[in-house]
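Heads up: the structure comes next, in structure tokens.
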Amino acid sequence: MSHAELTAIGPAETVVRCVEGPSLPPPGPGEIVVRIDAAGINPADILMIEGNYAVVPQTPCRLGIEGAGTVGAVGAGVEGLAVGDRVLSLARNNWCTEQLLKPQEVVKLPAAIDPLQAGMLKANPASALLMLTEYVTLQPGDWVLQDAANSAVGLNLVSIARARGLKTVNVVRRDSAVDVVKAAGGDVVLVEGPDLPARIREATGGAAIRLAIDAVAGPIVETLGDALAEGGTIVNYGLLSGKPCQLRADQVVFKDVRLVGFWLAKIMPALGYDRIAAMYRELAGYVIDGVIDIPVEATYPLTEIQAALAHAKREARGGKVVLTP
């Protein structure tokens, strides 16, 4: 059995190594062995490795927020899972060849799901779905506004919103990203710049937009606030600008614009296992139906973890980097 190990906080491509170890023992009562087929490299993984995340891990430690695989062995007393079942791992140390897990640390997935897509299902699609559903009650035909629309979360949000009958206004930073978001199903795609709120109103026919999703922080939050209807909510899940979220007093006091934060690792425990499992079954259905199709730029074996991390840090990639242990 091999796994990725963080040796120290520092540049991801230099401080993570592949460690070889003994095979896992047979599962005990109430345990299963999962062979990891695919594990996406998430931006949060890199932030954590480099000491820029909400939690700085003690080293050495194992890594990997996302991962999915196949049940390789089942211990006594385990019900509802069998050898060969495809599962999503809810653990956070998935950059490995095998995991010894409890049944409630996995979600059974349909056999038809693509293994690479399953290995990227845990973080970005779930974040998009929860931000669409947990803060504002939307009905088919309602509009949602987001920035960083060409990001992995942004593209998932476009696809899921479209499947739910919602319309999206998508803001990107460069002209080259417009076609990418339109191809994903974005109804309106606009490039950042002067008079953005006015352009949003014109493109939507003055629609009352009650939900905005922000990954950038900084001045764009104020712009989103100007584009929202009275009582609208901005959900922030990132800080690509490196600057604080900015809202004016008149937006907060007179327009009642609200700013809330989203962190998947914090919201998941509050959902409970049944809701989590139902959510991932819904997302798996979107994958099988072709609603969610996350681009993959490259795959790497676990033995090439440093090259994989260096690749994942490149700007303007055309897709995700996925480990295939």
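The model shown is predicted, which means the values in this text are computed figures rather than measured ones. Atoms considered below: every heavy atom in the structure, side chains included; atoms not considered: hydrogens, waters and symmetry mates. The chain is numbered in sequence order, starting from 1.
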- prompt: Once you round to the nearest 0.5 Å, how far does CG of L63 lie from CD1 of I41?
  reply: 10.0 Å
query: Among E5, H3, Q99, whose side chain to side chain donor-acceptor pair (under 3.5 Å) with N93 holds?
result: Q99
message: Ignoring hydrogens, what is the shortest heavy-atom contact between A284 and L109? Give both atom names and the distance.
response: CB-CD2, 4.1 Å
Spatial distance of atom CG (D256) from atom CZ (F254) [nearest 0.5 Å]: 12.0 Å
message: For T70 and D37, which I'm curious about, is there any donor-acceptor pair between the side chains at under 3.5 Å?
response: yes
query: Taking D226 as the fixed residue, which of R199, K255, R248 is the one that meets the salt bridge (charged side-chain N to carboxylate O under 4.0 Å, His left out) rule?
result: R248
- request: Output yes when a side-chain donor or acceptor of D289 lies under 3.5 Å from a complementary backbone atom of V291, and no otherwise.
  value: no
task: Could you check R92 against E105 for salt bridge (Lys or Arg N to Asp or Glu O under 4.0 Å), going step by step and ending with a plain yes or no?
output: CA-CA 10 Å; R92 294 177 67 86; E105 293 178 299; over 6 Å; no
Salt-bridge criterion met for R275 and E134 (N-O under 4.0 Å): yes
statement: In I32, V71, L101, L100, the residue satisfying side chain to side chain contact (heavy atoms under 4.5 Å, CB included) with P27 is L100
message: Rounded to the nearest 0.5 Å, what separates atom OH in Y237 from atom OG in S151?
response: 3.5 Å
- request: Compare all side-chain heavy atoms of S2 with those of V19 and state whether any distance is below 4.5 angstrom.
  value: no
- request: Mind running salt bridge (Lys or Arg N to Asp or Glu O under 4.0 Å) on D142 and K167 for me, showing each step along the way?
  value: CA-CA 6 Å; D142 286 347; K167 299 179 181 180; over 6 Å; no
task: Could you pull out the closest heavy-atom pair between A39 and W95, with the gap in Å?
output: CB-CD1, 3.7 Å
message: To the nearest 0.5 Å, what is the distance between OH on Y300 and CG on L323?
response: 10.0 Å
- request: State whether the side chain of R317 and the backbone N or O of A312 hold a donor-acceptor pair below 3.5 Å, judged by distance alone.
  value: yes
field: Pair M120-V322, side chain to side chain contact (heavy atoms under 4.5 Å, CB included): steps then yes or no
entry: CA-CA 8 Å; M120 301 181 290; V322 181; 3.6 Å; yes
query: Are any side-chain N or O atoms of S89 and backbone N or O atoms of A91, one a donor and one an acceptor, separated by less than 3.5 Å?
result: yes
query: Is a salt bridge present between R164 and E282, judged by a nitrogen-to-oxygen distance below 4.0 Å?
result: yes
message: With a sphere of 6.0 Å drawn around CZ of R258, does it hold more than 12 non-hydrogen atoms of other residues, nucleotides or ligands?
response: no
query: Between atom SG of C245 and atom CG of L239, what is the distance when rounded to the nearest 0.5 Å?
result: 8.5 Å
- prompt: Checking D293 side chain against G290 main chain: does a donor-acceptor pair fall under 3.5 Å?
  reply: no
field: Salt-bridge criterion met for K182 and D187 (N-O under 4.0 Å)
entry: no
task: List the atom of C18, the atom of L302, and the distance in Å for their closest heavy-atom pair.
output: CB-O, 3.6 Å
- request: Report yes if the side chains of N236 and V260 come closer than 4.5 Å at any heavy-atom pair, otherwise no.
  value: no
query: Side-chain contact, heavy-atom cut-off 4.5 Å: P57 with M48?
result: yes
